Amino acid sequence: MIVLEVLGWSLIAAAAAWALTLAWAHAEFGRTRRAMEAEVQQWRAEAIRARELAARLRQEIAMWSKGCQQGREDVIALMPLLVAAQQRLAGASLAEATTEE
């Protein structure tokens with residue numbers, strides 16, 4: 001009789017341990033899954049922010065390039081005027097130098 005009782009309690013203890021382990025594993029799996037989903041959501045949000053930043057940078061680069069092109073065109077347009085002004089100044093200082101001597 002004691003053998004059957006020990007055997008019965010052993011089976012009950014094994015079943016209880018198995019049930020507790022299964023419940024713990026299920027809970028742990030749920031926590032891990034929620035943590036994983038939160039991390040995936042975080043990386044998706046980060047990817048969206050990175051795409052928005054890349055689009056903004058592309059727009060800024062295009063505007064900067066357009067501004068540089070406009071600046072080059074302005075310098076090219078002003079160059080003859082700058083050369084003429086420099087020649088006038090050089091001519092005026094040469095005239096002053098000859099009149100002073």
Side-chain angles (χ1 to χ4, degrees):
M1 182 78 156
I2 289 184
V3 173
L4 288 177
E5 198 174 306
V6 170
L7 194 59
W9 283 113
S10 295
L11 286 175
I12 291 171
W18 177 75
L20 287 173
T21 303
L22 186 61
W24 176 83
H26 184 67
E28 190 64 29
F29 181 72
R31 280 192 292 273
T32 304
R33 185 177 188 95
R34 284 190 299 277
M36 180 190 66
E37 288 171 355
E39 189 171 348
V40 166
Q41 188 64 27
Q42 175 189 355
W43 284 110
R44 283 182 181 159
E46 187 69 28
I48 289 169
R49 283 192 295 273
R51 282 189 212 109
E52 290 171 353
L53 177 62
R56 201 166 49 244
L57 287 175
R58 277 193 296 273
Q59 185 179 19
E60 287 179 14
I61 288 169
M63 290 171 56
W64 186 80
S65 295
K66 190 175 181 181
C68 285
Q69 181 65 33
Q70 181 64 41
R72 278 193 294 269
E73 291 171 1
D74 291 345
V75 168
I76 290 170
L78 288 174
M79 208 53 183
L81 299 173
L82 292 172
V83 170
Q86 186 178 18
Q87 287 175 348
R88 275 195 311 269
L89 286 176
S93 61
L94 182 62
E96 286 179 10
T98 55
T99 56
E100 288 179 3
E101 290 180 5

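Computed from a predicted model, the values in this text were never measured in an experiment. When reading the values below, keep in mind they use all heavy atoms of this one structure, side chains included, and skip hydrogens, waters and symmetry mates. This chain uses plain numbering: 1 for the first residue, then up along the sequence.
Residue-environment remark: CE (Met36) exceeds the threshold of 12 foreign heavy atoms within 6.0 Å. Atom CZ of Arg44 has 12 or fewer heavy atoms from other residues, nucleotides or ligands within 6.0 Å.
Checking each of Lys66, Glu60, Gln59 against Met63 for a side chain to side chain contact (heavy atoms under 4.5 Å, CB included) leaves exactly one that passes, namely Gln59.
At a threshold of 4.0 Å, the pair Arg49-Glu52 does not count as salt-bridged, since none of the basic side-chain nitrogens sits closer than that to a carboxylate oxygen.
Rounding to the nearest 0.5 Å places CD of Gln42 at 6.5 Å from CD of Glu39. In this structure, CG on Leu53 lies 14.0 Å from CD1 on Ile48, to the nearest 0.5 angstrom.
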Exercise. Do Gln69 and Arg72 pass the side chain to side chain donor-acceptor pair (under 3.5 Å) test, and can you show the C-alpha distance, the side-chain angles, and the key distance before you say yes or no?
Worked result: CA-CA 5 Å; Gln69 181 65 33; Arg72 278 193 294 269; 2.7 Å; yes
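Under the side chain to side chain contact (heavy atoms under 4.5 Å, CB included) criterion, Ile76 pairs with no residue at all, not counting sequence neighbours. Partners of Arg33 under the salt bridge (charged side-chain N to carboxylate O under 4.0 Å, His left out) rule, at least two apart in sequence or in another chain, are Glu37.
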